[in-house]
Amino acid sequence: MDRRKFYLRGFSDPTPQNEQLHVIDKVERRYFINIPRNVGFEKDFNRVDIPGHPIDVVEKYFAQIEGEVARVLKWIEKKISIA
């Protein structure tokens with residue numbers, strides 16, 4: 001699952017056909033509705049220029065950690081909803 005979508009799904013209706021976010025753009029001073037995968041990110045935010053390493057080395061490392069965190073959070077969410 002795309003990380004943005006995972007993080008933002010808790011703020012939207014969980015059904016795919018209704019998965020929308022109400023977004024306020026503070027800089028542009030506007031309001032709009034969009035889906036999680038289209039908001040809440042900055043392109044190349046974790047890009048680094050370290051000689052001898054790919055530019056996405058940090059992103060790949062974070063992806064591994066976030067994948068594990070997502071798995072644990074899903075497990076917790078499931079346990080809480082059962083209780």
Side-chain angles (χ1 to χ4, degrees):
M1 175 182 293
D2 182 311
R3 286 190 319 271
R4 286 173 280 155
K5 187 173 179 180
F6 175 77
Y7 292 147
L8 296 173
R9 75 182 177 133
F11 297 96
S12 66
D13 184 327
T15 56
Q17 66 272 18
N18 294 325
E19 192 175 54
Q20 297 180 342
L21 294 170
H22 295 259
V23 182
I24 299 172
D25 184 329
K26 184 178 169 184
V27 174
E28 298 290 325
R29 299 180 63 102
R30 65 187 183 107
Y31 162 84
F32 57 96
I33 296 174
N34 210 321
I35 57 177
R37 73 169 177 257
N38 290 339
V39 296
F41 74 98
E42 182 177 333
K43 185 175 178 166
D44 296 329
F45 183 75
N46 294 315
R47 182 180 175 155
V48 293
D49 290 318
I50 301 173
H53 296 281
I55 60 174
D56 63 347
V57 66
V58 172
E59 182 62 35
K60 286 182 178 180
Y61 180 70
F62 283 160
Q64 291 174 348
I65 295 170
E66 291 165 348
E68 287 300 309
V69 169
R71 186 182 61 75
V72 170
L73 290 176
K74 285 178 187 177
W75 180 83
I76 292 170
E77 184 178 52
K78 184 178 178 182
K79 292 293 183 185
I80 290 172
S81 67
I82 292 173

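Considering CG of Asp25 and CG of Asn34, their distance stands at 11.5 Å, rounded to 0.5 Å.
Neither Phe45 nor Val39 shares a network with the other; the hydrophobic side chains, linked directly or stepwise wherever heavy atoms of I, L, V, M, F, W or Y lie under 4.5 Å apart, form separate groups for each. Val23 and Ile35 are not part of a single hydrophobic cluster, where members link through side-chain heavy atoms under 4.5 Å apart.
When all heavy atoms of Asn46 and Glu59 are compared, the pair lying nearest together is ND2-OE1, 2.8 Å.
Heavy-atom neighbours of Tyr31 OH from other residues, nucleotides or ligands within 6.0 Å: above the threshold of 12. Other residues, nucleotides and ligands contribute only 12 or fewer heavy atoms inside 6.0 Å of the OH atom of Tyr61.
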Could you walk me through whether Val57 and Val48 pass side-chain contact (heavy atoms from CB on, under 4.5 Å), step by step? CA-CA 8 Å; Val57 66; Val48 293; 3.7 Å; yes
Before you tell me yes or no, could you show the steps for Glu68 and Arg71 under salt bridge (charged side-chain N to carboxylate O under 4.0 Å, His left out), namely the whole-Å CA-CA distance, both residues' side-chain angles and the distance that decides it to 0.1 Å? CA-CA 5 Å; Glu68 287 300 309; Arg71 186 182 61 75; 3.0 Å; yes
Could you go step by step and tell me if Ile55 and Asp49 meet the side-chain contact (heavy atoms from CB on, under 4.5 Å) rule? CA-CA 6 Å; Ile55 60 174; Asp49 290 318; 3.9 Å; yes
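Of the candidates Val58, Ile50, Asp56, Asp56 is the only one forming a side-chain contact (heavy atoms from CB on, under 4.5 Å) with Pro54.
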